[in-house]
Each structure stands twice: as C-alpha cells, then as structure tokens.
Undergrad: 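One structure coming up, written as structure tokens, with questions to follow.
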Amino acid sequence: MQNNNTFSEHTSQTKKLTVGLLWHSLSSDNLGVGALTESQIAICTSAAAKAGVTLSFIIFGTQGRLNYGPTNGSVKMGSRISIKQIVTGRSPFFKEIAECDLVLDIGEGDSFTDIYGISRYLFLIVSKIVVLAKLKPLILSPQTIGPFNNWFTRRIAASIMRRCHMVFARDGLSAKYLTECGVTKNVREAIDVAFRLPYQNINQGPTSTIRIGVNVSGLLYSGGYSGNNQFDLSVDYPTLIRSLLDRWTNDKNFEVWLFAHVVSDTFPRDDDRIAIKKLISEYPTAHLAPEFNSPSEAKSFISSMDFVTGARMHACIAAFSAGVPVAPFAYSRKFNGLFTSVDYSVIADGKSLNTHDAIELISDAFINRDSLKRNVCTGNKIAESKLADYEATLKSLFEKLTRTRTPAVIK
C-alpha cells in the first residue's frame, strides 16, 4: 500500500470542495450514527465558512428507513459499499471516492474494531484501502479505536492508520490504545462530534413534577445480537431497568418517560421499541416518548428532562450536551473513555458492577442531580474546547486543499 503523506495538487480556483463522509448516515435507524453525521456536517460547515470554502458531501454508509438530511442539495448519497464489487473492480465506490477532495471516516463511532465480527471489520478495512489507493486524504474523525483482539486484525488496522493523514481518538483510552498499536505520529485526541448536535432547547425550567428520561437499550435487554449476554455484562440489565422503574413510577412527583434511540425494523434484537413496549405494559404510569424522526428531534426531547439514564451512548451524550444530568449505563469501554475525558465519573459500569450496585449508583445520581448539573456544565466546556481544536484542524485542511501550490505535509 502506498504511503500517502502529502496532499495531491489541487488547482481549483473556485474554493469548492467535495467531502466524502465514510461510515456516516442520514437515514440510519440508529440515531447515534445519525447524530454523528448531522454534527459532522455542522462542524465541517462552520470550518468551511471560516476558511472561505463551499462544501458538498457524499455520504457512504448504512441506510435505513428515515431521512433527516439537508434539503439544499449539498448532500448526496453514495452507492452501497460491496466488498464483492470492490474486489472484482465493479464497484461505483471507486468513481465516487475519486470525486472527493478528502474523506472523513467516522467508523459509525465505534465500529473500527473486531468485536462485532470479521465481516463488519472487513467492510471498515476495505473501504479505507480504496480511499488510500485513490490517493485521497483520509482522516479518521473522532471515534473509538479498537479493541482489536486478534493480532492480524490489529496489525492490518495499525498499518492503515499510519497511512491516514490524521487519526482522531474521541477519548483518552482510545488515544492510549493507538500508542499500544504503534500509531503515534498522526494522532490527536478530540471528543465525540455529537456534542455539537444541533437541537431546540425545550427545557422550561423547574416544575412541580420531576421528569425522568429512561433510554432502554433493546440490544442489552435481549442479551446482545447473540441473545446470550454477548457483552459479558456483570449486571442483569432487565432487572436493573425494572428496579429503577419500581422506584420511580410509584412516586406521584415523578414523571417517567421511556424513549428509544435505535428503532430497527430489520434487527428486532437491536430495537429499543420492543423492550419499551413490554415495560410500558408492566408500568402503565410510565409515559411513552414519541418516535423521533431525527437525532436533533431526539435531543430536543431529551433537553426537557430533569434527569436521564441510558445505555445508548449518544442518548447520553444528547442529555449531557443539552445540560441534563445523566447516569450512563456502560456496556463497553467507549462510555468510560468518553465521559472520563470530560471529567465526568458517574458511570454505571455494566461489566464491573453487580446489579445491586449499578441500581444504587444510578439512584444516587438521580438524588444528586443538582450537583451533577454543575459537573455537566464543566464537562461541556471541556468538550467544546476539544471540538474547537478538531474544527480548527478541518479549517486548515480545507485551506490547504484550495491552494494552487503543492500543499504542505500535515503536522
């Protein structure tokens, strides 16, 4: 594989750039992936305005039944990525990547790993190889890196990352893991771009009723894709959720809302609505949140809560970045890495705590929500600083790509 450490010459005088958004989606049933994409476009647009550049986007990734993309014609969908077509040289992906001036790969936030199976890993790897083969600047946008549990998957991933122009870890644990993989020269630490997800703040301030938002993960409720505690949790997740609802729905001063952040018609084990439907039948005083049509709509609803607990990371980020005290339930290190990166330690670790202790941690977080709100405010300032650095990097990249002379190497 050719090492591509400098930008190819760009002779356009119009200051228009086409950005490929790899492993993004504006139709995904997983609103977390959509949140990354909406936020990425917002950050890129802001950076481009400062650089005096106009952007258009081509999105490559999974497609769902929703559609929450811009309607101004600046965004178009790329073709479906097929390994078979790529290997046989018949994929339109080659031509579409050739149209891009640079490619931002966000790996759906946490998919650049082998823990979800070799097939998914290969999709992530092969798509990156195509970008590098086309000599396009490849930037891994803020995401969780790894883990790669097999030596060969780790070695291939590390080789590709060393050929990227920049690799942004979205937390300290991922940045440390990159060092362990021998990837150091082109690495920066940032934070999840979804902290910038646009929304309408509908929190009307203190009321006589305390609104509690509970994001139920259908994936964890059903035991993972395998149905057999795939993520090796030490916590009985259904018991945890029922115990919290037993406490909160019996108090008339509390208004409990159950809301979904993944709605999948094709993967019922991953569908939050199925678990929520069962729980609503058991707890009739709980409220069912509306089904959201976009990540921004979900965040706007979440902003009206006084407290949130959830097991979908981007539901928790939506709460945090909207200033709502939150107690995340972690099923992987991506939670721990991200929230500790903003000095927020209230995390119910489902892989180390027992069920009783996880319930008590979340219950105590609810009781102490006023003090947690101050911690959230401080954490958001840290996140904004990290994203300002990421945006500044993009601004610099856009400026270099529009120069007529041979651009400099990224440092």
Side-chain angles (χ1 to χ4, degrees), residues 23 28-33 62 64 107-125 143-154 157 173-174 177 214-246 258-283 309-316 327-339 347-362:
W23 299 114
S28 176
D29 299 332
N30 184 332
L31 295 181
V33 178
T62 55
E108 293 188 333
D110 68 344
S111 289
F112 195 26
T113 176
D114 59 9
I115 66 172
Y116 297 118
I118 195 65
S119 177
R120 191 166 174 179
Y121 169 84
L122 286 174
F123 271 101
L124 274 289
I125 287 292
Q143 60 190 278
T144 298
I145 305 295
F148 303 104
N149 293 324
N150 297 302
W151 69 266
F152 62 91
T153 59
R154 183 167 57 252
L173 290 178
S174 289
Y177 187 73
V214 180
N215 162 237
V216 181
S217 168
L219 183 62
L220 297 187
Y221 204 89
S222 60
Y225 296 112
S226 66
N228 188 29
N229 192 18
Q230 178 184 1
F231 300 104
D232 296 321
L233 297 183
S234 55
V235 170
D236 185 321
Y237 182 72
T239 297
L240 176 138
I241 293 296
R242 287 192 173 92
S243 296
L244 293 173
L245 293 180
D246 284 339
L258 306 185
F259 68 93
H261 213 253
V262 173
V263 290
S264 176
D265 293 332
T266 53
F267 295 100
R269 284 193 177 279
D270 201 21
D271 194 335
D272 297 349
R273 296 172 300 180
I274 294 175
I276 289 174
K277 183 178 179 180
K278 293 178 183 177
L279 291 167
I280 286 290
S281 67
E282 296 178 34
Y283 298 91
T309 185
R312 299 291 189 178
M313 193 171 79
H314 281 98
C316 297
F329 178 84
Y331 66 89
S332 80
R333 69 172 172 84
K334 65 181 182 180
F335 284 82
N336 307 70
L338 184 134
F339 284 101
I347 304 168
D349 192 329
K351 295 174 75 71
S352 64
L353 297 176
N354 60 41
T355 304
H356 174 269
D357 289 346
I359 293 167
E360 292 306 310
L361 187 150
I362 294 172

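The first residue of the sequence shown is numbered 1, and numbering continues consecutively from there.
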Undergrad: Please report the shortest heavy-atom distance between R120 and S111, naming the atom on each side.
TA: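 Nearest pair, atom of R120 first, then S111: NH2-OG, 2.7 Å.
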Undergrad: Could you check whether any side-chain heavy atom of L353 comes within less than 4.5 Å of a side-chain heavy atom of L361, counting everything from C-beta outward?
TA: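 L353 vs L361: side chains touch.
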Undergrad: Just wondering, do I118 and T153 contact through their side chains at under 4.5 Å, heavy atoms?
TA: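 Sidechains of I118 and T153: in contact.
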Undergrad: Taking the side chain from N150 and the backbone from D114, do they hold a donor-acceptor pair closer than 3.5 Å?
TA: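 No, because the side chain of N150 does not come within donor-acceptor range (under 3.5 Å) of the backbone of D114.
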Undergrad: Measure the NE2-CD distance between H356 and E360 for me, rounded to the nearest 0.5 Å.
TA: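 H356 NE2 to E360 CD: 4.0 Å, rounded to 0.5 Å.
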Undergrad: Quick one, F339 and C316 - any side-chain contact, counting heavy atoms below 4.5 Å?
TA: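 In contact.
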Undergrad: Got I280 and L258 here, is their nearest side-chain heavy-atom distance under 4.5 Å?
TA: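 I280 reaches L258 side chain to side chain.
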Undergrad: Could you give the distance from CD1 (I276) to CD1 (I241), rounded to the nearest 0.5 Å?
TA: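 Separation between the atoms: 9.5 Å.
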Undergrad: Roughly how far apart are R242 CZ and Y221 OH, rounded to 0.5 Å?
TA: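 It is 3.0 Å, given to the nearest 0.5 Å.
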Undergrad: CG of D110 to CD1 of I145: how many Å apart, nearest 0.5 Å?
TA: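 Answer for the CG-CD1 pair, D110 versus I145, is 10.5 Å.
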Undergrad: For L219 and F231, what are the C-alpha separation, side-chain angles and deciding distance, and is it a side-chain contact (heavy atoms from CB on, under 4.5 Å)?
TA: CA-CA 10 Å; L219 183 62; F231 300 104; 3.8 Å; yes
Undergrad: Keeping the roles fixed (side chain from T355, backbone from D236), state whether a donor-acceptor pair exists under 3.5 Å.
TA: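 Such a contact is found between T355 side chain and D236 backbone.
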Undergrad: If you look at every heavy atom in S28 and V33, which pair is closest and at what distance?
TA: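 Where S28 meets V33 most closely, the heavy atoms are OG-CB, 4.0 Å.
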Undergrad: Evaluate the side-chain contact (heavy atoms from CB on, under 4.5 Å) criterion for residues Y177 and R154: first the C-alpha distance (whole Å), next the side-chain angles of each, then the deciding distance (0.1 Å), finally the verdict.
TA: CA-CA 11 Å; Y177 187 73; R154 183 167 57 252; 3.9 Å; yes
Undergrad: When the ring centroid of F329 is compared with that of Y237, is the distance short of 6.0 Å?
TA: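 Centroid distance F329-Y237: below 6.0 Å, so yes.
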Undergrad: Is there a donor-acceptor contact under 3.5 Å from the side chain of S234 to the main chain of G350?
TA: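 It does hold such a pair.
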Undergrad: Does some side-chain heavy atom of Y283 sit less than 4.5 Å from a side-chain heavy atom of D246?
TA: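 Contact flag for D246/Y283 side chains = yes.
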Undergrad: Shortest non-hydrogen contact from T144 to S174?
TA: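 Looking at all heavy atoms of both residues, the closest pair is CA-OG, 3.5 Å.
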Undergrad: Please check: side-chain N/O of D271 versus main-chain N/O of V263, any donor-acceptor pairing under 3.5 Å?
TA: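 No, because the side chain of D271 does not come within donor-acceptor range (under 3.5 Å) of the backbone of V263.
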Undergrad: Taking atom NZ of K334 and atom OG1 of T113, what is their separation to the nearest 0.5 Å?
TA: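 K334 NZ to T113 OG1: 10.5 Å, rounded to 0.5 Å.
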Undergrad: Once you measure the plane-to-plane angle for F112 and Y121, does it fall in the parallel (<30°), tilted (30-60°) or perpendicular (>60°) bin?
TA: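 Answer is parallel, since the angle falls under 30°.
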Undergrad: Does a sphere of radius 6.0 Å around NZ in K351 hold more than 12 heavy atoms from other residues, nucleotides or ligands, not counting ones at 6.0 Å or beyond?
TA: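 Yes, the 6.0 Å shell around NZ holds more than 12 heavy atoms from other groups.
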Undergrad: Taking all non-hydrogen atoms of both residues, which atom of P147 and which atom of I115 are closest, and how far apart?
TA: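 Taking every non-hydrogen atom into account, CG-CG2, 3.8 Å.
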Undergrad: What are the two closest heavy atoms between A358 and L240, and how far apart are they?
TA: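 Heavy atoms of A358 and L240 come nearest at CB-CD1, 3.5 Å.
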Undergrad: Okay, side chain of N215, backbone of R312: is any donor-acceptor separation there less than 3.5 Å?
TA: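 Yes.
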Undergrad: Provide the closest heavy-atom pair for G218 versus A275 in the form atom of the first, atom of the second, distance.
TA: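 Closest approach of G218 to A275: CA-CB, 4.2 Å.
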Undergrad: Could you go through I362 and L244, starting from their C-alpha distance and side-chain angles, then the distance that decides it, and tell me whether this counts as side-chain contact (heavy atoms from CB on, under 4.5 Å)?
TA: CA-CA 8 Å; I362 294 172; L244 293 173; 3.9 Å; yes
Undergrad: So how far is it from E108 CD to W23 CH2, rounded to the nearest 0.5 Å?
TA: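 So the CD of E108 and the CH2 of W23 are separated by 6.5 Å.
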